[in-house]
Each structure stands twice: as C-alpha cells, then as structure tokens.
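Note that ligands are numbered from 1 as they come in the structure, with each ligand's atoms numbered from 1 the same way.
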Amino acid sequence: MTSTSLDAAVDIPLRALPAPARLRVEHLREAFGITETAPRLSWTPPAGTVQQTAYRITADNGWDTGKITSAGHLLVPYSGPALQSRSRFEWRVRTWNTDADGTETASAWSDPMPVELGLLDAGDWTGQWIGPEEPDVPAPGDRPGYALHKTFTLDAAPEAARAYATAHGIYELFLNGERVGDQQLTPGSTSYNTTLQVQAYDITALLRPGTNTIRAVLTDGWYRGTFGYTRDADMYGSSTALLAQLEMQSGGSRTVVGTDGSWQVSRTEILSADLMAGQRTDFRAGTDDGGAPCGSAAVVRPGSYVTLTGPVAPPTRIVEELTPVSITRLAGGHQVVDFGQNIHGWVRLTMLGGTGEPVTLVYGEAVDAAGDVTQDHLRPHDFRRPGQFLPAGQVDVVTVSGAAGEVFEPQHTTHGFQYVSVQGLTTDLAAEDITACLVQTDLEPLGSFTCSDPRLNKLHNIVEWSFRDNACEVPTDCPQREKAGWTGDWQLFVPTAAYLYDVTGFSRKWLRDVRSDQWENGIIANISPSAGPGVTSAEFMAFTNGSCGWGDAIAMVPWEIYLATGDAGVLAENWDAMNRWLGFIRTTAESQRHPVRADAGPVPAPHGKYLWDTGFHFGEWMEPDGPKPDLFAARSADHGIVATAYYRNTTAVMAKAAAVLGRAEEGRALAELSENVRQAWEKEYVGPDGQVTEPSQADCVRALAFDLVGPHHRSTVTAQLAALIRNAGTHVGTGFLATPYLLPVLADNGELDLAYELLMQDSEPSWLTMVDRGATTMWELWNGIDADGTAHQSLNHYSKGAVVSFLHRYTAGLRQSPGSAGWERIFIEPRPGAGLTSASTAHKGPRGLIEVRWAVVEGTTLDGVLTLTATIPAGTTAEVLLPGEPAAVVGPGHHTFRAGTGGDTAQPELMRSTL
Ligand code: RAM
C-alpha cells in the first residue's frame with residue numbers, strides 16, 4: 001500500500017490471518033447458567049479477511065460441524081447434542097477466508113468459549129423458597145438485611161460444584177466467609193411477576209472437606225424496597241425470600257444442599273438497606289460468617305419456579321473505580337470528597353470512625369454555596385402532600401465495632417454522585433481511604449470518537465458517562481432521583497448507545513420486561529420493569545401511560561437493535577407486542593376526537609380517523625422555553641401534532657420490520673396505513689404555504705425526520721425550522737423527543753452550517769454550556785446548572801446526549817446504508833464543519849472493526865486537502881463520498897482517500913488505494 005496513512009496503527013499486515021474472535025452465544029460474551037437450549041453462536045472473522053468462505057465449529061461435547069461452506073458467522077444455530085440442565089461445552093471455530101488476492105486461507109482455531117446451562121425445569125429444584133420470619137416489618141426504606149445460612153459437611157472436596165441462586169430482594173452469597181462471584185445487585189432487576197433471573201456460580205474452589213457454611217445476605221432491593229419518583233414500596237410482594245441450591249459433584253454422585261426450613265436466620269450488620277434511601281450498617285449488630293447459628297429457623301415461603309430464567313444480558317459489576325480529586329474539610333466539620341466525575345454506584349470506605357461513632361455519607365451531584373453536598377434539586381414532589389418534597393435519599397451510615405479490617409461498602413443500595421459529604425468522622429480522610437465504585441451492567445464497549453475540538457471531545461465523554469451511569473440492569477432515566485426504566489428515554493438514546501456499547505442482550509432483557517408490563521388494551525407501560533397498572537399509589541403515574549414517544553419504544557427499540565446487529569429474532573420476539581401497541585393507537589385514533597377538534601367541526605374530516613389526538617401525552621417534554629411540566633393539564637391538552645407523528649413513525653418502522661420478517665402482506669398494509677397517517681398529519685398541521693401551523697422547532701424537526709411532509713414542502717419546513725432557530729438566537733429549542741433528530745435533519749436538508757452553529761453554540765441553552773459549566777454528565781434540563789451555579793433537576797440524564805450520533809455519522813461520517821442491518825453496507829461521508837481539522841470514529845460491528853479517520857492536512861503542499869483512511873471489515877461494502885468527489889465503492893481492507901475540501905481553490909483529486 002502506497003498511501004499516506006494518517007496513523008500507522010491501522011496498517012496491520014493483512015496476510016497474517018489470526019483466528020476468529022469475539023465469540024458470542026446469544027449476544028453474550030459469558031454464557032454461564034443460560035437457559036436457552038437452542039442458542040445461536042456468533043464470531044467475527046479474522047482481521048484482514050475479505051470474505052469468509054467456510055467455517056468449522058467443534059466442541060468438547062462431540063459436536064463437530066465439519067467444514068461448512070458458508071459466509072455466515074452471525075447467529076449460527078447450535079446443532080450439537082441436545083442441551084439439558086447443567087449441560088456444558090466449550091466450542092471453538094476456525095474459518096476459511098479469502099484475502100485481497102482472492103486466495104483462500106484457513107485461519108487458526110479461535111480461543112474456546114465455555115457455555116454452561118443452568119437449571120431448566122422446576123423439577124430440577126429441591127431448594128425451597130425461604131425467608132426470615134418478620135412479625136413487625138419496619139417502614140419501607142428502613143428494613144434490615146437478614147442472613148440465611150446453613151452449615152453442611154463434605155467428606156471430600158468436590159470435583160466440581162455449582163451454586164444456583166435467586167431472591168425476592170437482593171442477595172449476596174458467601175461460602176465459608178468468601179463472597180461468591182463478583183456480580184452485584186443480584187438477582188438483578190426484571191419484571192418479577194413474570195421473570196426472575198437465577199445466577200449460576202462455579203463454587204468448586206470455595207468448598208473444603210469437612211464443615212462448610214453457606215450464607216446469603218438478603219435485603220429489599222427492587223422487589224420490596226422503595227422505587228422511583230413516587231417511592232412506592234412492596235411493588236412485588238411484602239416479604240423477601242431466597243432460593244438457592246448448591247450441587248457438588250464427586251465420583252459420579254451429586255450432593256445437593258438446597259434452601260429449606262433447616263436454614264437459620266440471623267440479623268446482619270445491615271440495619272437498613274434500600275435502593276433509594278441508602279444503607280445503614282452497624283458492625284456491632286452483625287454476626288460473623290454465620291457459622292454459629294443464631295436467631296431463628298427460616299420460614300418456607302411460596303414462590304414461583306416457572307418464572308425463573310438464566311441471563312440474557314451481561315451481569316452487573318463494579319466496572320471501574322475512581323479515586324478522589326479533592327477532599328475538603330468544611331468549617332462545620334464535614335469532609336466533602338469530590339471524585340471529579342458523576343457516577344452511579346457507591347463508595348468503599350476504609351477509614352471509619354471510632355467504635356460506636358456513626359459516620360454519615362450524603363451523596364450528591366452538586367455542592368451548595370458553602371461547598372457542602374446539596375440534594376435539593378433531586379427531591380421528588382410528595383404527591384401525598386402537595387407543595388412538599390420527599391427526601392432525596394442517598395444517605396448511608398456506618399458504625400464500626402472496633403474489630404480489625406472493617407470496611408464499609410454498601411452493596412445493597414446505589415447512588416448517583418460526584419460528591420460525598422462525610423459527616424461525623426474526626427480523622428482527616430486521605431485519598432486512599434475512599435474509593436468510588438461504578439456499578440454498571442458489564443457492557444462491551446464498541447464505539448469511539450475523537451476530533452480536533454477538545455470541547456466536542458468532552459461533550460462525547462460526558463454523554464458516554466451518562467450512559468454508563470444509567471446502564472444498571474435496565475436503561476434508567478437517572479441514577480439518583482428515580483432509577484427507572486422509562487421507555488421514552490431508551491427509545492431516543494438506543495441508536496447512540498448501540499454504537500458505543502453492545503446493548504443487545506441488555507435491550508432484549510429489558511424488552512422482555514416491557515412485553516410483560518404491557519396492559520391488556522395494548523398500552524406499553526411508561527416504565528419497565530414496573531409491577532402493573534394498579535400498583536403505583538400516585539394517580540399521575542397511572543394516567544400518563546399510553547403516551548406517544550414513550551410507548552413507541554416497543555417498535556423503535558427492537559428496530560434499532562435489529563439495525564445494529566442484523567438479528568431479526570429481536571423483531572420477531574417483539575412483533576406481537578408492537579402490534580398490540582399499534583392496536584391501542586389505532587383504536588384510540590379511530591374512536592376518539594379531541595374536544596377542541598370536535599367543537600370546531602362536529603362532523604369529522606375524512607382524515608380525522610388517522611389523527612391520534614386524545615389521551616395523555618408528555619409531548620415534546622422539557623423544551624427550554626416550554627411550559628412547566630403539568631401532567632394534570634397535559635391530560636386534556638391537544639398533543640395531536642406529536643402523537644400523530646409517532647403514529648406515522650411507528651407504522652413506518654413496523655412496515656419495515658414486517659418486510660424483514662417475511663410478513664409481506666402485513667408490511668404492505670402497514671405502509672399504506674403509515675402513508676394515510678402521514679397525509680392526515682400534513683392536512684391537519686401544514687398550512688397552504690407549506691409551513692407547520694403549530695410552529696416549534698420540535699414539530700418542524702419531526703416533520704422532516706419522520707417524513708411527514710411531502711417532498712415539495714421539505715424546503716419550506718426546513719426554512720421555517722432555520723428561522724425558528726435564528727429567532728431563538730441560534731439556540732436549540734427542542735426537548736426530549738426531537739433533540740436526537742435536530743442536527744441530522746438540518747444537515748440532510750442543506751443546513752449543515754446551521755447544524756454546526758447549534759453544536760458549537762455555547763450560550764444557554766446549548767450542549768457546550770454544559771461542557772463550559774463543568775458538567776461531567778449530560779443534564780436533564782438545558783440549564784441543569786444555571787448561570788448562578790444552582791443545580792436544577794437531575795444532572796445525569798442521557799437523552800440530550802443523543803446528539804453525539806451526529807458526531808459519529810456526520811462529523812466523522814460513518815453510518816449504515818439505508819436497508820442494511822448488522823453493518824453489512826456502510827456509507828462513509830464526512831461532513832466537516834465548525835473549523836474542525838480532523839475527526840475519527842471506530843465501531844466494532846458484527847463483522848469486525850470499522851474505522852474512519854480524516855484530517856485536513858495543513859502546512860504541507862496538500863494544504864486544504866482532506867485525507868481519509870478507512871478500515872472495512874470482512875463481508876462489508878463501503879460507499880465513500882467525499883466533498884466534491886464522485887462516490888467510490890470499496891470492500892474490506894484499509895483504504896486511503898484524498899480529496900479537495902471543496903471550493904474552486906483546491907485541485908480536486910481522489911486517490912484511492914486498496915489492498
Ligand atoms: C422524568 C423522567 C424521565 C422522563 C419522564 C417523562 O420524570 O426522569 O426522563 O421520561 O419524566
């Protein structure tokens with residue numbers, strides 16, 4: 001290759017074919033305890049491959065496919081011996097591939113990937129559901145942790161041993177005093193009425209001949225603790241319980257120790273633990289590892305075995321630890337620890353107070369004028385006492401017993417925080433005494449971006465952080481005030497998230513909850529997991545379900561996951577649920593008219609049946625100059641312009657999904673319905689002059705993004721949008737729903753410069769205001785920290801962060817071609833602006849690593865010439881469009897292009913080099 005590569009690192013010699021990599025089973029890197037008996041296997045062809053031509057899979061259970069002539073390496077069905085409970089195999093794969101010369105070469109064998117099944121049937125369980133006897137259950141938020149434990153004897157150390165465990169509540173397992181595994185917050189959050197995850201652990205190394213003690217610590221968690229904005233409790237039941245089974249294999253025989261009435265219950269050092277309120281620990285109150293039975297016998301409780309399932313998403317872990325950037329002792333004695341980064345999780349505190357002296361930790365995202373942690377902006381309204389606010393929670397208290405080695409790490413709660421106010425500790429903290437632990441679903445990073453502007457790099461960084469802080473078990477809205485799986489938030493951020501991380505299993509797991517929580521009439525619950533329509537005590541929480549832009553997640557999220565992975569199974573899994581949601585929209589649109597419209601004309605216009613204009617809708621939500629959110633008023637407001645737009649989009653998405661699923665007839669009907677809805681929107685909301693009649697940036701954006709207006713109106717609506725932006729002093733005016741589409745529709749409709757002006761705007765409201773005011777995560781409101789430094793609402797909501805997709809797709813210029821899924825066909829089309837001189841992005845797609853980097857070379861004879869290098873993985877076609885150049889189509893390999901950056905001055909040149 002004779003090109004000028006911008007980075008030697010991309011010039012890997014392509015002829016040394018390594019082995020296939022990134023082995024996955026059902027999108028999982030770890031497949032331990034799964035309960036899928038027909039798993040699909042995927043791998044990435046060796047780097048440097050142009051096309052896989054054949055593969056061979058072998059496994060240690062005798063499965064051997066032989067050499068199969070096929071380019072397929074995604075979601076290949078397992079076809080070995082039938083899988084049963086506890087089945088285990090290790091598979092590996094080698095491939096035959098053509099290289100750039102068309103020569104076929106065999107790869108090396110991949111590393112093996114172990115797969116082990118958990119317990120598949122209710123009949124596999126001898127363990128019973130057990131729990132503590134609780135004559136007086138304390139108030140929610142104030143309930144203690146219990147230990148359930150049992151001592152048993154083994155003649156010899158087993159050859160292999162497994163523990164299977166789950167709980168109504170959160171459990172941690174300890175075997176002979178050692179914590180079992182590194183997962184956190186187990187069994188994780190799901191819609192427990194239908195789905196409860198079971199974790200499987202390899203405990204072979206923890207057992208010993210003679211006496212062994214198994215101990216589980218059990219707290220309320222999502223099952224029984226307080227939850228969300230309303231702090232409702234007892235969502236799934238009023239008592240906690242544990243189900244566990246230890247299986248020890250020796251010489252062909254299996255010894256089983258399951259939970260039953262012979263287990264003992266002890267109090268623990270956890271005086272109270274609640275996901276919202278925090279954790280109070282008093283080491284004087286706990287027992288040791290449970291070896292000395294005390295307390296009472298466990299009570300056998302009713303509990304389901306049919307809702308049990310293995311993992312479909314990665315587990316939750318501590319994925320990163322941070323040390324303080326500063327520790328300040330305030331005049332009043334509090335020590336304020338600043339970690340320099342807003343995160344989700346807890347701290348590990350090794351410097352504790354004197355014996356019997358409680359130390360209080362108040363967690364927050366901001367400090368007040370005095371420099372202490374403030375939680376004022378995080379307090380939810382107390383809907384039982386209008387005008388009042390509830391406590392923000394997020395407070396831990398620890399008291400030591402004086403025994404050596406006591407460490408406080410509150411693993412039965414979580415917090416959103418950058419700062420911790422440590423109160424009651426006379427000793428000065430040193431940095432090594434306190435560590436922040438980021439608790440997150442252990443997602444594989446896939447994407448990155450960097451460019452020549454440090455502020456844009458920081459913007460990208462804070463968006464990534466907001467996502468990581470809101471990826472714990474389910475996609476949450478914020479890690480402090482609510483921790484709730486709001487459907488709308490994930491709908492609008494999932495395209496961005498799927499570029500940056502592998503969110504496939506994570507989304508499939510959540511979508512299963514969304515389906516479980518769907519109402520009989522087809523409404524998709526606003527929040528999943530949630531326990532059902534009747535469970536919340538707040539009227540406003542119940543009547544807001546059925547909102548456009550939120551419920552539509554049931555179609556939009558599977559579609560985005562399909563695009564990212566090419567897995568049509570995700571569409572199939574959710575097809576019925578999206579149809580039922582559409583049924584709700586359709587029935588509502590056809591049978592109801594908004595009173596305003598009905599008053600204006602008693603006889604509905606023919607297009608009226610396609611207008612979805614009744615029911616509650618959040619609307620655009622949180623526009624900078626929008627009305628103060630008033631849910632009761634919104635209940636009767638006319639949000640038809642937003643809802644009908646989503647009716648159009650969801651039918652359009654479903655028409656495409658139907659085509660992928662081979663449901664051609666349904667696809668045609670959906671496309672027709674979608675077009676009828678589009679025409680109705682245009683008739684109702686576009687005037688004769690082609691302008692949107694209820695002008696707002698958000699509605700103009702939707703008109704363009706959802707193809708609501710015909711081609712002849714696009715330029716008028718674009719001009720209207722541009723005028724609205726200019727009238728706002730070149731400021732963003734969108735809220736939640738339209739923000740992800742704002743810059744793309746400008747760029748796609750001839751307003752690229754305006755898109756960049758908005759991106760680079762640094763007066764309020766704007767993204768860079770957040771960067772300039774020191775944000776380390778994306779704010780819920782455009783003025784999350786106002787000019788006076790006062791915090792408002794959550795400082796950690798990812799929704800506005802969807803803007804970084806513009807950096808990936810337009811600035812760096814990498815996107816999928818229309819009609820492609822799983823990154824099979826891509827477009828590379830940098831759209832530079834704002835004086836940027838370089839940008840690069842990378843995405844580990846299902847076919848391998850895609851890299852794009854461009855720079856405008858300055859100070860050389862090539863001054864003003866854009867040089868672009870691209871790495872295209874196996875089986876992928878890329879169309880490269882450079883400013884002012886004809887399109888070039890290239891295949892796998894490394895490529896370098898040069899082009900004049902436009903204008904008449906640069907000599908247009910396109911130099912392509914391939915391998
Ligand atoms: C807020 C949430 C969430 C949003 C809803 C409508 O309470 O934080 O982000 O989806 O409102």
| query | Does Asp372 have any salt bridge (Lys or Arg N to Asp or Glu O under 4.0 Å) partners at least two apart in sequence or in another chain, and if so, which? | reply | none
Which pairs of nitrogen or oxygen atoms, taken one from ligand 1 and one from the protein, are under 3.5 angstrom apart?
unit_1: ligand 1; atom_1: 7 (O); unit_2: Glu482; atom_2: OE1; d: 3.4
unit_1: ligand 1; atom_1: 7 (O); unit_2: Glu482; atom_2: OE2; d: 2.8
unit_1: ligand 1; atom_1: 8 (O); unit_2: Asp477; atom_2: OD2; d: 2.6
unit_1: ligand 1; atom_1: 8 (O); unit_2: Arg481; atom_2: NH2; d: 2.9
unit_1: ligand 1; atom_1: 8 (O); unit_2: Glu482; atom_2: OE2; d: 3.2
unit_1: ligand 1; atom_1: 8 (O); unit_2: His797; atom_2: NE2; d: 2.8
unit_1: ligand 1; atom_1: 9 (O); unit_2: Asp489; atom_2: OD1; d: 3.4
unit_1: ligand 1; atom_1: 9 (O); unit_2: Asp489; atom_2: OD2; d: 2.6
unit_1: ligand 1; atom_1: 9 (O); unit_2: His797; atom_2: NE2; d: 3.0
unit_1: ligand 1; atom_1: 10 (O); unit_2: Asp489; atom_2: OD1; d: 2.6
unit_1: ligand 1; atom_1: 10 (O); unit_2: Trp550; atom_2: NE1; d: 2.9

| task | Answer yes or no: does atom CD of Gln388 have more than 12 heavy-atom neighbours from other residues, nucleotides or ligands under 6.0 Å? | result | yes
| task | For the residue pair Phe543 and Phe632, categorise the inter-ring angle as parallel (less than 30°), tilted (30 to 60°) or perpendicular (more than 60°). | result | perpendicular
| query | Can you say whether the rings of His808 and Tyr499 are parallel (under 30°), tilted (30 to 60°) or perpendicular (over 60°)? | reply | parallel
Tell me which donor-acceptor pairs under 3.5 Å the side chains of residues 552-560 have, and how far apart each pair is, sequence neighbours excluded?
unit_1: Asp552; atom_1: OD1; unit_2: Trp581; atom_2: NE1; d: 3.0
unit_1: Asp552; atom_1: OD1; unit_2: Thr650; atom_2: OG1; d: 2.7
unit_1: Asp552; atom_1: OD2; unit_2: Gly549; atom_2: N; d: 2.7

Side-chain donor-acceptor pairs of residues 437-445 under 3.5 Å, sequence neighbours excluded:
unit_1: Gln440; atom_1: OE1; unit_2: Arg468; atom_2: NE; d: 3.3
unit_1: Thr441; atom_1: OG1; unit_2: Ala471; atom_2: O; d: 3.3
unit_1: Thr441; atom_1: OG1; unit_2: Glu473; atom_2: N; d: 2.7
unit_1: Asp442; atom_1: OD2; unit_2: Arg317; atom_2: NH1; d: 2.7
unit_1: Glu444; atom_1: OE1; unit_2: Arg22; atom_2: NE; d: 3.3
unit_1: Glu444; atom_1: OE1; unit_2: Arg22; atom_2: NH2; d: 3.1
unit_1: Glu444; atom_1: OE2; unit_2: Arg22; atom_2: NE; d: 3.0
unit_1: Glu444; atom_1: OE2; unit_2: Lys844; atom_2: NZ; d: 3.2

